[in-house]
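What follows is one structure encoded as structure tokens, with my remarks underneath.
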There are 2 protein chains.
Amino acid sequence: MKTGAVMEEEIIFQKTISYLLARVTTAYKTVLERHMGLIGLHAGQVFLLLELWTEDGLRQVDLARRLSLAAPTVSKMIKGLIEINLVEIEREDGDGRSTRVYLTDQGHAMRDDVNAQWLELETNYLADLNETERLILPELLTKLRKAYTGADDAEEDQ
Amino acid sequence: MKTGAVMEEEIIFQKTISYLLARVTTAYKTVLERHMGLIGLHAGQVFLLLELWTEDGLRQVDLARRLSLAAPTVSKMIKGLIEINLVEIEREDGDGRSTRVYLTDQGHAMRDDVNAQWLELETNYLADLNETERLILPELLTKLRKAYTGADDAEEDQ
DNA sequence: ATTAAACGATTAGCTAGCTAACTAAATATG
DNA sequence: CATATTTAGTTAGCTAGCTAATCGTTTAAT
């Protein structure tokens, strides 16, 4: 109330959607990382495993596309997953450039642990959301993702 | 409809708020980084400058608290900002532990550029949002941030 | 007054992202 | 058939985050 003169041409950053999004983003990533750390995984690895649980034996380029990640990011993640014996790679027969990524038994086994953590994430942190918000949020978030990725990479391979 | 058997104990990750949030998060951060790169800044630096534009001469610990960041993160960012001559630090007189961070002239001057980029971010990427969504989103995002930071760090210093 | 505890900042080292630059393989093109 | 272009993956190097460990300073306790 005592700083009334400031807000003329200035952007009130703290109220922009972009600003709020950034703040949520950072906070969320930290929570996610901490939670998945409890089961010995890093956040990024979880998302990669997620894709393999849906379809095993994807190539790196497939994973990159589905996760909207750059190739080197995927390459590094897989290296990490190989080290902890959750996936293994095989050079593609027909195409000497590609490597296919397969879940190991341990990789399959992680699924329950991840599910459990994920459930906690959804219930513990989002308990204060009411029914309406729970309905709206997925739509809004999807819209935002499309806005920032430029395309809808959830449908682009159909 | 044809996959009715699957969804009993499995989580449909792709529909959870946590999952969607992660996807938005990654996409948005990349866009933000690219946009601020146009004016020679990194995303994190922008948020730090923002705080200094609001109140110059903060200590690192103040910045960390306001931005909900860990101390080493702030320390590194400031190092980067010093290198490009946007801020300078001064050891606090009364307390030999603290360093106060001050904007340089160049630091002040960046404000218009950042405002311009920020405006673009808000208008270019969020054009598809309707009035209702524009109203709801800030509330929802604030709620999410509170959920993930645990506390409401926007009010804690009052 | 001395010792213990708390605080502010830094260093080291990690993952998650990125881009740029590279290698190697596959495909087009002349 | 030789060459050029595209594609898949990796390496190097950057920032943004984090935690753990450390150092110096300040404050509290005995």
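Quick caveat: nothing in here was measured; it's all calculated off a predicted structure. Chain naming here is simple, since letters A, B, ... match the order of the sequence lines and numbering starts at 1 in each.
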#### Entry: Whole-Å distance separating the CG atom of Leu67(A) from the P atom of dG17(C)
9 Å
### Query
Got a donor-acceptor contact below 3.5 angstrom from the Asn124(B) side chain to the Leu121(B) backbone?
no
### Query
So, Arg100(A) and Glu90(A), do they make that salt bridge, N to O below 4.0 Å?
no
### Message
Between Tyr19(B) and Phe13(B), is the ring centroid distance below 6.0 Å?
### Response
no
### Summary
side chain to side chain contact (heavy atoms under 4.5 Å, CB included) filter on Leu52(B), not counting sequence neighbours, yields Leu48(B), Asp56(B), Leu58(B), Leu63(B), Val87(B), Val101(B), Leu103(B)
Output a table of donor-acceptor pairs, distance under 3.5 Å, between side-chain atoms of residues 127-134 of chain B and any protein atom two or more places apart or on a different chain; print 'none' if there are none.
residue   : atom : partner   : partner atom : Å
Asn130(B) : OD1  : Thr132(B) : N            : 3.1
Asn130(B) : OD1  : Glu133(B) : N            : 2.8
Glu133(B) : OE1  : Lys143(A) : NZ           : 3.0
Glu133(B) : OE1  : Asn130(B) : N            : 2.9
Glu133(B) : OE2  : Lys143(A) : NZ           : 3.1
Arg134(B) : NE   : Leu129(B) : O            : 3.4
Arg134(B) : NH1  : Leu126(B) : O            : 3.3
Arg134(B) : NH2  : Leu126(B) : O            : 3.0
Arg134(B) : NH2  : Leu129(B) : O            : 2.7

### Task
May I ask you to say what Gly94(A) touches in the nucleic acid, namely base, sugar-phosphate or nothing, with a heavy-atom cut-off under 4.0 Å?
sugar-phosphate
### Query
In whole angstrom, what separates Asp93(B)'s CG from dT25(D)'s C1'?
15 Å
### Message
Please classify the nucleic acid contact of Gln45(A) as base, sugar-phosphate, or nothing, using heavy-atom distances under 4.0 Å.
### Response
sugar-phosphate
#### Entry: Those residues that, when tested against Asn85(A), pass side-chain hydrogen bond (donor to acceptor under 3.5 Å, both in side chains) (two or more places apart)
none
### Which residues share a side chain to side chain contact (heavy atoms under 4.5 Å, CB included) with Glu33(B), sequence neighbours left out
His42(B), Ala43(B)
### Task
Give the rounded distance in Å between these two atoms: OH of Tyr28(A) and P of dT15(C).
20 Å
### Message
Nearest whole Å is fine: how far is dT15(D) P from Ile39(B) CD1?
### Response
17 Å
#### Entry: Value in whole Å for how far the P atom of dA16(D) lies from CE of Met36(B)
12 Å
### Task
Using whole Å, report how far CG of Leu41(A) lies from P of dT15(C).
13 Å
### Query
Is Lys29(A) near enough to dG17(C) that one of its side-chain N or O atoms lies under 4.0 angstrom from OP1 or OP2?
yes
### Message
For the aromatic rings, using the six-membered ring if either is Trp, is the centroid distance between Trp118(A) and Phe47(A) under 6.0 Å?
### Response
yes
### Message
Regarding Glu88(A) and Thr104(A), do their side chains bring together a donor and an acceptor under 3.5 Å, going by distance alone?
### Response
no
### Query
Over how many whole Å does the gap from Leu38(B) atom CG to dT19(C) atom P extend?
13 Å
### Query
In whole Å, what is the span from the CG atom of Leu69(B) to the P atom of dG17(D)?
5 Å
### Message
Looking at Thr73(A), I'd like to know whether one of its side-chain N or O atoms comes within less than 4.0 Å of OP1 or OP2 on dA16(C).
### Response
no
## Note on the structure
Whether each nucleotide of nucleotides 1-14 of chain D has a protein heavy atom under 4.0 Å at its base (B), only at its sugar-phosphate (S) or at neither (-) is summarised, 5' to 3', as ------BSSBB-B-
Can you name the atoms? Protein N/O to nucleotides 1-5 of chain C N/O, anything below 3.5 Å, with the distance.
none

